[in-house]
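To start, the structure under review is shown below, and the notes come after it.
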Amino acid sequence: MSSQLSVSPRQGLNARQAETAERLLAAGLAELEAVGHETLTIRTVAQRAGVSPATAYTYLASKNHLFAELYLRYLVADEGWSPSGETPLERLQSVTRHLAEQQAAAPALAAAVTPALLGSDPDVERLRLRIGAEFVDRFRGALGDDADPAVVEAVALAFSGALLQAGMGLMTYPELADRIDAVVAVIMKGH
């Protein structure tokens, strides 16, 4: 069964339900920062939000669903940011660097979302697609209206692979920012 929670817009939720969803997300973020992703449970989030576990499960299918919701919300909250640079390469590197810096700025969320997005929960899958689309939109925006779809896809694949490697502890998020600059330069060199 699919849960009701959706970051934006809150279609289908009345005011009371939307307020409950907001409380659960705020409680989920607080609980994540307090105890970490491995210890957090939907029950503890429900308790922190002041709702029953049954109510929490109406909105959140799993803790992976919670982490994906929180991450998408984190990305969407940053939509006012815009790329900088004079060339398409500079603008694209500013986007990938900014996204890597966002990861570094929210270490508990970054640690939680990597394994969460690898899950097979249908609610996570839906959010994984929205998160991927958010990345692609930002890469496309940096490259301009005539962006080559193959270049956008190559950057998206490289960036998501780099996020996975950072999530596995093979590099830090600040290192990711530096390393992805070089990868983006190689991708753009052939274009």
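Quick note: residue numbers are just sequence positions, from 1. Values below: every heavy atom of this structure, side chains too, minus hydrogens, waters and symmetry copies.
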Shortest non-hydrogen contact between [X] and [Y], atoms and distance:
X: Ala116; Y: Val124; result: O-CG1, 3.2 Å
X: Tyr59; Y: Ala21; result: CD2-CB, 4.1 Å
X: Ala56; Y: Ala46; result: CB-CB, 3.7 Å
X: Glu175; Y: Thr172; result: OE1-N, 2.8 Å
X: Ala162; Y: Met171; result: O-CE, 4.1 Å
X: Val136; Y: Ala156; result: CG2-CB, 4.0 Å

Atom pair [atom1]/[atom2] of [X] and [Y] - distance to nearest 0.5 Å:
X: Asp148; Y: Ile187; atom1: CG; atom2: CD1; value: 11.5 Å
X: Leu117; Y: Leu163; atom1: CG; atom2: CG; value: 9.5 Å
X: Leu127; Y: Glu134; atom1: CG; atom2: CD; value: 12.5 Å
X: Leu176; Y: Leu164; atom1: CG; atom2: CG; value: 11.0 Å
X: Leu40; Y: Ile42; atom1: CG; atom2: CD1; value: 6.5 Å
X: Leu109; Y: Thr114; atom1: CG; atom2: OG1; value: 9.0 Å

Are [X] and [Y] side-chain neighbours, meaning at least one heavy-atom pair lies under 4.5 Å?
X: Val184; Y: Met188; value: yes
X: Val113; Y: Asn64; value: no
X: Val51; Y: Thr20; value: yes
X: Phe139; Y: Thr96; value: yes
X: Gln102; Y: Tyr173; value: no
X: Glu69; Y: Leu24; value: no

Do any N or O atoms from the side chain of [X] and from the backbone of [Y] form a donor-acceptor pair under 3.5 angstrom?
X: Lys63; Y: Glu38; value: yes
X: Arg128; Y: Ala68; value: no
X: Thr39; Y: Gly36; value: no
X: Glu31; Y: Ala27; value: no

Original post:
Can we say Asp178 and Arg97 salt-bridge, meaning some charged N sits less than 4.0 Å from an Asp/Glu carboxylate O?
Top reply: yes

Original post:
salt bridge (charged side-chain N to carboxylate O under 4.0 Å, His left out) with Glu19: which residues, sequence neighbours excluded?
Top reply: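 Applying salt bridge (charged side-chain N to carboxylate O under 4.0 Å, His left out) to Glu19 gives Arg23.
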
Original post:
Mind checking what makes salt bridge (charged side-chain N to carboxylate O under 4.0 Å, His left out) contact with Arg91, not counting sequence neighbours?
Top reply: none

Single-linkage hydrophobic cluster, 4.5 Å side-chain cutoff, [X] and [Y] together:
X: Leu157; Y: Leu92; answer: no
X: Leu60; Y: Val76; answer: yes
X: Leu118; Y: Leu72; answer: no

**OP:** Please state whether the rings of His98 and Trp81 are parallel, tilted or perpendicular, taking 30° and 60° as the class boundaries.
**Re:**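 Because their plane-to-plane angle is under 30°, the rings of His98 and Trp81 count as parallel.
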
Original post:
Should the pair Tyr74 and Tyr71 be assigned to parallel (<30°), tilted (30 to 60°) or perpendicular (>60°) ring geometry?
Top reply: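 The rings of Tyr74 and Tyr71 sit tilted, inter-plane angle from 30° to 60°.
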
